Amino acid sequence: MGIENAHKLIVNCLPLNESERQAFAKAARDVPQKFVGDESRRGDMVWSASVPEELRAEATAVIGNFPAGDAGQYKRLEWLQTFSAGVDAYVRPGVLPHGVMITNATGAYGRSVAEHMFAMMWAVMKNFGRYGFNQREHRWQDEGSALSPEGGIALVIGTGDIGSHFGRLAQSVGMHTFGVRRHPEVRAEGIEKMYGFERLDALLPLADVVVMAVPRSPQTHHLLDAARLGKLKSTAVVINAGRGDAIDADALAVALREGRIHGAGLDVTEPEPLPAEHPLWGEPRCLITPHVAGGNHLEETSEQIIRIALHNVSRYAKQQELLNLVSR
Ligand SMILES: NC(=O)C1=CN([C@@H]2O[C@H](COP(=O)(O)OP(=O)(O)OC[C@H]3O[C@@H](n4cnc5c(N)ncnc54)[C@H](O)[C@@H]3O)[C@@H](O)[C@H]2O)C=CC1
Ligand SMILES: O=C(O)C(=O)[C@H](O)COP(=O)(O)O
């Protein structure tokens, strides 16, 4: 069957109002001859909160996340536009057939996640985790020295959308912001000094706050391990809202229990949920939130997710038009 005869079906799982639906339908219709084949399904876009089971084998494009465990059911999938920034669930070997294009929603979450991390940093610096434990026990107890961000160094690992937003917030309260990336010549807003990844070990002892905003990958697995945690100051604070496995949670629990760092804030853990018996749950120096930094969308986040997806529908439509032209 030639490409021009292939029936295309986009399943759109974003929660949209009527005018947003129309914008998507228009983006998909803009290119003539795009969805050819079955005349009754021309330009088809199905709207649904999740992909209906009977359409999974037929869908050529999905806008929205589906459980990675269901990926095998998507026999005709060409393109997945996630509403998450992280795509780690789909890029593992064997999950999606070779050649499926994935685009994500990076650019939508920066402010939301960075604000969450910033609030965590401040709360950990002011010992709120420990005061929270005391409050539950009705214990009126001074927890001693608190910290101030002003003049301190925030070391941002993962200087993309989230890291850059965090950098700007940190600068607004007088922090110096250092970033670590594989290509240090590429600058990021909010990051004062950018270093190559090979400088990480030398920078850790200088950091007052270590901010982790990296995707899950073999290179980021246990990036902050026992040896690197051991390089931190006793007053250092570690914040992670990227993916949980970037930190060795057992090593972190030991560092916190022994008071070798001031505290930590985690929005992500490995695994999720963090098992009930994990020592981090009982650690007053550790604030834990259940992966909500980006999930509790700010209105701005939802708008950005829709904007990115809409833009990519247009690009997909144009790509289909080109494919149709070359196949003629
Ligand atoms: N907690 C939450 O609710 C949320 C968590 N996330 C997580 O945060 C991650 C980052 O999101 P964005 O900032 O939007 O993505 P992004 O793609 O804009 O930034 C990621 C940055 O990490 C860098 N990076 C990748 N591997 C690296 C390595 N080995 N060493 C140093 N830097 C490395 C990339 O070069 C990029 O600059 C996502 O992949 C996702 O896992 C994203 C949204 C919400
Ligand atoms: O965008 C990401 O990556 C996130 O972690 C968001 O919180 C949304 O994630 P999921 O709902 O896909 O876990």
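Remember, it's a predicted structure, so these values are computed and weren't measured experimentally. Just follow the structure's listing: the first ligand is 1, and inside any ligand the first atom is 1.
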Within-4.5 Å side-chain heavy-atom neighbours: Ile261 and Val238 = yes
From atom 38 (C) of ligand 1, work out which of Ser84, Ala293, Gly86 has a heavy atom at the shortest distance.
-> Gly86
What do you reckon, does Ser217 put a non-hydrogen atom under 4.0 Å from ligand 1?
-> no
Considering only heavy atoms, which of Arg216, His291, Arg243 lies nearest to atom 3 (O) of ligand 2?
-> Arg243
Specify the protein heavy atom at minimum distance from atom 40 (C) of ligand 1: its residue, its atom name, and the distance to 0.1 Å.
-> Arg243 NH1, 3.6 Å
Please say whether Ala85 places an N or O atom under 3.5 Å from an N or O atom belonging to ligand 2.
-> yes
Closest protein heavy atom to atom 29 (N) of ligand 1, given as residue, atom name and distance to 0.1 Å = Thr220 CG2, 3.5 Å
Closest to atom 32 (N) of ligand 1 (heavy atoms only, candidates Asn104, Ile162, Val214) is Val214
Side chain Thr177, main chain Gly190, donor-acceptor under 3.5 Å = yes
Any side-chain donor-acceptor pair under 3.5 Å between Arg168 and Gln171?
-> no
Here the atoms of ligand 1 under 4.0 Å from any heavy atom belonging to Ala241 are 1 (N), 2 (C), 4 (C), 5 (C), 6 (N), 7 (C)
Shortest non-hydrogen separation from Thr159 to Val156 and the atoms involved | CG2-O, 3.7 Å
What protein heavy atom sits nearest atom 10 (C) of ligand 1, and how far away is it?
-> Ala213 O, 3.5 Å
May I ask which of Tyr109, Phe197, Phe166 has a heavy atom nearer to atom 43 (C) of ligand 1 than the others do?
-> Tyr109
Contact region, Tyr109 to ligand 2, non-hydrogen atoms below 4.0 Å, reads side chain
If you measure only the distance, is there a donor-acceptor pair under 3.5 Å linking the side chains of Ser217 and Gln219?
-> yes
Measure up the Phe118 and Phe166 rings against each other and bin them: parallel (under 30°), tilted (30 to 60°), perpendicular (over 60°).
-> perpendicular
Hey, is Asp267 touching ligand 1 through its side chain, its backbone, both or neither, going by heavy atoms under 4.0 Å?
-> side chain
Given Met117, Arg181, Arg182, His165, which one has a non-hydrogen atom that is nearest to atom 34 (C) of ligand 1?
-> Arg182
Relative to the heavy atoms of Gly294, which atoms of ligand 1 are at a distance of less than 4.0 Å?
-> 2 (C), 3 (O)
Within 4.0 Å of some non-hydrogen atom of His291, the atoms of ligand 1 are 1 (N), 2 (C), 3 (O)
Taking heavy atoms and a distance under 4.0 Å, where does Ser112 meet ligand 1: side chain, backbone, both or neither?
-> neither
For a side-chain contact (heavy atoms from CB on, under 4.5 Å) with Ile157, tell me which candidate from Thr220, Val210, Val211, Leu203 qualifies.
-> Val210
For atom 44 (C) of ligand 1, find the nearest protein heavy atom and state the residue, atom name and distance (0.1 Å precision).
-> Val113 CG2, 3.5 Å
Any side-chain heavy-atom pair from His262 and Val124 closer than 4.5 angstrom?
-> yes
Residue Asn65 vicinity, atoms of ligand 2 by number, heavy atom under 4.0 Å = 12 (O)
Where's the contact between Asp161 and ligand 1, heavy-atom distance under 4.0 Å: side chain, backbone, both or neither?
-> both
For Ala114 and Ile162, work out which heavy atoms get closest and say how close.
-> CB-O, 3.9 Å
Could you find the nearest protein heavy atom to atom 7 (C) of ligand 1 and give me its residue, atom name and distance?
-> Gly242 O, 3.3 Å
Ligand 2 and Gly86, any nitrogen or oxygen pair closer than 3.5 angstrom?
-> yes
Mind listing the closest non-hydrogen atom pair of Thr82 and Asn104 along with its distance?
-> OG1-CA, 3.3 Å
Donor-acceptor contact present, side-chain Lys126 to main-chain Leu147, <3.5 Å = yes
When distances are taken from atom 19 (O) of ligand 1, the protein heavy atom at minimum range is Gly160 CA, 3.2 Å
Would you tell me whether His176 and Asp208 have side-chain atoms, one donor and one acceptor, within less than 3.5 Å of each other?
-> no
Closest heavy-atom pair, Asp267 versus Val292, reported as atoms and distance to 0.1 Å, is OD1-N, 2.8 Å
Ignoring hydrogens and angles, tell me if any N or O in the side chain of Gln304 forms a donor-acceptor pair with the backbone of Thr301 under 3.5 Å.
-> no
One finds that the ligand 1 atoms under 4.0 Å from a non-hydrogen atom of Gln219 are 29 (N)
Donor-acceptor pairs under 3.5 angstrom involving side-chain atoms of residues 48-56: please list them, not counting sequence neighbours.
residue	atom	partner	partner atom	Å
Ser48	OG	Ser50	O	2.5
Arg56	NE	Val51	O	3.2
Arg56	NH1	Gln73	OE1	3.1
Arg56	NH2	Val51	O	3.2

Any atoms of ligand 2 less than 4.0 Å from a non-hydrogen atom of Gly295? List them with their elements.
-> 7 (O)
In terms of residue, atom name and distance, what is the protein heavy atom nearest to atom 16 (P) of ligand 1?
-> Thr106 CG2, 3.6 Å
